[in-house]
Amino acid sequence: MNRSSDELLAFIFDRISKIASIHEQDELLCELANMCRDIVYADRCSIWIRDKQQGILWTKIAQGQAPITMGEYQGIVGSAVEQNHSLIINDVQADSHFNHEVDKQSGYVTRRMIVIPMHNRSSEVVGAIQVINTKGDIPFSQTDLKHLHFSSLYVAESIKTMLLIEETYKTQKELIYIMGETGENRSRETGQHVKRVAEYSYLLAKLYGLDEKACSILRDVSPMHDIGKIGIADAILNKPGRLDEEEMRIMQTHATMGYTILKHSKLTLLKAAAIVAHEHHEKYDGTGYPKGLQGEAIHIYGRITAIADVFDALGSERVYKKAWSDEAILELFVRERGRHFDPALVDLFLTHQEQFWAIRDRFSDV
Ligand code: C2E
Ligand code: SIN
Ligand code: SIN
Ligand code: SIN
Ligand code: FE
Ligand code: FE
């Protein structure tokens with residue numbers, strides 16, 4: 001049941017051209033797994049990643065079943081990884097390496113399998129591609145193995161890129177946390193404040209209907225909105241009383257200062273952080289600072305963080321003010337709807353306010 005070489009090439013190019021337009025790495029991997037599965041007329045394809053540090057294999061893509069983790073040399077996949085060679089097994093149930101637990105848990109009967117280890121440039125095994133069962137229960141052949149081997153080169157390349165992106169992202173997040181806490185300590189606000197602003201922002205973004213990726217980016221960067229306060233003198237930042245006009249002018253430079261610190265970064269997260277630092281004191285009616293932007297000209301990240309920040313500031317004690325009552329806080333949001341704040345966001349906030357109070361209670365300062 002093999003395709004002719006011409007058919008195969010046509011098939012691959014059709015798939016690759018689709019893949020080229022996919023930007024999301026997870027979708028790309030799914031698409032590659034589909035391709036591997038269909039090239040050999042298999043029922044399922046899993047993509048396994050090896051985590052050498054933890055000594056495990058886990059399924060990055062596991063078609064038709066829950067993700068699986070197992071020891072790096074466990075099962076048939078593990079034995080292919082350990083010996084670093086491909087395996088065709090047409091009677092899986094009789095194979096001594098087979099990990100029967102997997103079938104027991106999924107209720108699926110694995111009969112036939114091809115496993116192909118994937119390598120990095122230094123020829124280390126970084127994972128494996130596994131196809132399971134065939135349409136019509138025809139045995140897997142050497143030709144299937146050859147075709148799958150060819151495809152696995154693409155998959156390995158994509159996984160390398162994907163892992164690199166995840167690593168960079170993790171580094172960015174750590175950096176942001178350190179920076180957020182720097183701003184925190186300077187203005188004597190608690191670590192809980194950072195978490196609350198993150199969660200309020202995430203919730204508002206969700207309610208507003210931003211996609212999950214945009215929401216989680218905002219959750220990561222909103223705590224950094226005041227990073228520019230590291231440039232404000234202690235005498236002003238921690239002044240017990242009200243700021244005079246000149247002090248307030250200086251204080252307001254924190255928005256531009258934060259933007260200046262972050263604006264040159266090409267990293268996704270830091271670019272988003274720059275927007276938030278810059279625009280979290282803009283007001284919907286155009287009377288905010290530093291640019292006096294109006295309405296939707298203010299980035300959605302800025303409009304959301306403005307609400308999260310003020311909601312939290314009002315409910316908290318500051319060196320210059322006491323915490324407000326819940327009633328007074330709600331009154332302010334009703335009054336400032338369409339003035340300070342985006343009316344659509346205020347409506348969402350008011351309608352779902354019990355979720356915001358719950359976050360405040362969960363991350364309370366005591
Ligand atoms: P913050 O204390 O975290 O306040 C963030 C924002 O919450 C404020 O931005 C403001 O929009 C709102 N907010 C906080 N407290 C009150 C309040 O008592 N009444 C009203 N109506 N709104 C409030 P804003 O005004 O741009 O201030 C930015 C930052 O400047 C503040 O962050 C705080 O660090 C500092 N700041 C502002 N006013 C004073 C002050 O009188 N004394 C001192 N020491 N710092 C101040
Ligand atoms: C194994 O490799 O033995 C089990 C893995 C699987 O069936 O998915
Ligand atoms: C998104 O939903 O993808 C983000 C929207 C925005 O950044 O304005
Ligand atoms: C500010 O927005 O300038 C201060 C708000 C905060 O510290 O959360
Ligand atoms: Fe601020
Ligand atoms: Fe803040």
Side-chain angles (χ1 to χ4, degrees), residues 179-198 200-201 204 222-262 273 276-294 298 302-343 345-346 349-350 353 356-357 359-360 363-366:
M179 287 165 134
E181 294 200 328
T182 309
E184 268 326 293
N185 294 340
R186 280 297 317 286
S187 61
R188 294 205 190 145
E189 284 157 21
T190 71
Q192 296 296 79
H193 167 67
V194 160
K195 292 186 195 133
R196 288 192 302 263
V197 170
Y200 298 147
S201 302
L204 260 180
S222 59
M224 280 182 85
H225 60 273
D226 278 333
I227 182 72
K229 281 184 178 173
I230 62 173
I232 307 292
D234 274 328
I236 295 178
L237 197 60
N238 293 321
K239 180 179 171 177
R242 297 224 61 92
L243 300 180
D244 65 29
E245 214 173 297
E246 174 62 3
E247 289 166 334
M248 198 59 201
R249 194 193 59 74
I250 293 168
M251 177 57 99
Q252 291 187 350
T253 64
H254 81 275
T256 306
M257 195 106 65
Y259 175 65
T260 307
I261 292 168
L262 298 165
V276 167
H278 206 189
E279 302 191 4
H280 73 279
H281 287 297
E282 296 290 354
K283 294 188 178 182
Y284 198 77
D285 65 6
T287 63
Y289 63 90
K291 287 191 286 186
L293 296 176
Q294 204 172 356
I298 307 165
R303 279 178 278 146
I304 288 174
T305 306
I307 292 184
D309 183 33
V310 173
F311 179 62
D312 200 64
L314 295 179
S316 311
E317 194 178 299
R318 292 281 197 261
V319 286
Y320 66 95
K321 62 172 259 298
K322 291 224 176 314
W324 288 25
S325 71
D326 296 357
E327 295 71 35
I329 292 172
L330 287 176
E331 270 169 37
L332 177 127
F333 278 99
V334 171
R335 194 165 65 242
E336 295 293 335
R337 182 184 179 281
R339 294 182 181 164
H340 189 158
F341 308 113
D342 181 340
L345 288 171
V346 170
F349 166 72
L350 293 174
Q353 54 173 285
F356 290 86
W357 299 123
I359 291 170
R360 182 184 66 170
F363 299 102
S364 69
D365 287 315
V366 289

Flag the pair Phe311 / Phe349 as yes when their ring centroid distance falls below 6.0 Å, and as no otherwise.
-> yes

Between [atom1] on residue [X] and [atom2] on residue [Y], distance to nearest 0.5 Å:
X: Thr305; Y: Asp226; atom1: OG1; atom2: CG; answer: 10.5 Å
X: Ser364; Y: Lys195; atom1: OG; atom2: NZ; answer: 11.0 Å
X: Tyr200; Y: Ile307; atom1: OH; atom2: CD1; answer: 13.0 Å

Less than 4.5 Å apart, any side-chain heavy atom of [X] and any of [Y]?
X: Leu243; Y: Tyr320; value: no
X: Phe356; Y: Leu204; value: yes
X: Met251; Y: Leu237; value: yes
X: Val276; Y: Met224; value: no
X: Trp324; Y: Leu332; value: yes
X: Pro290; Y: Gln252; value: no
X: Asp326; Y: Arg360; value: yes

Distance-minimising heavy-atom pair for [X] and [Y]:
X: His280; Y: Ala306; value: O-CB, 3.5 Å
X: Tyr284; Y: Pro343; value: CE2-CD, 3.4 Å
X: Ile304; Y: Ser201; value: CG2-O, 3.6 Å
X: Leu262; Y: Ala277; value: CD1-CB, 4.4 Å
X: Ala323; Y: Gly315; value: CB-O, 3.3 Å

Thr253 side chain to Ile250 main-chain N or O, any donor-acceptor pair under 3.5 Å?
-> yes

Would a distance-only check, ignoring hydrogens and angles, find a side-chain to backbone donor-acceptor pair under 3.5 Å from Glu282 to Lys291?
-> yes

Indicate the ring-plane relationship of His254 and His281, choosing parallel, tilted or perpendicular according to the 30° and 60° boundaries.
-> perpendicular

Could I get the full list of salt bridge (charged side-chain N to carboxylate O under 4.0 Å, His left out) partners for Asp285, not counting sequence neighbours?
-> none

Identified side chain to side chain contact (heavy atoms under 4.5 Å, CB included) partner of Leu293 from the options Lys283, Arg303, Glu279 = Glu279

Within residues 235-257 or reaching into it, pairs that qualify as salt bridge (charged side-chain N to carboxylate O under 4.0 Å, His left out) - sequence neighbours excluded | Lys239-Glu247, Glu246-Arg249

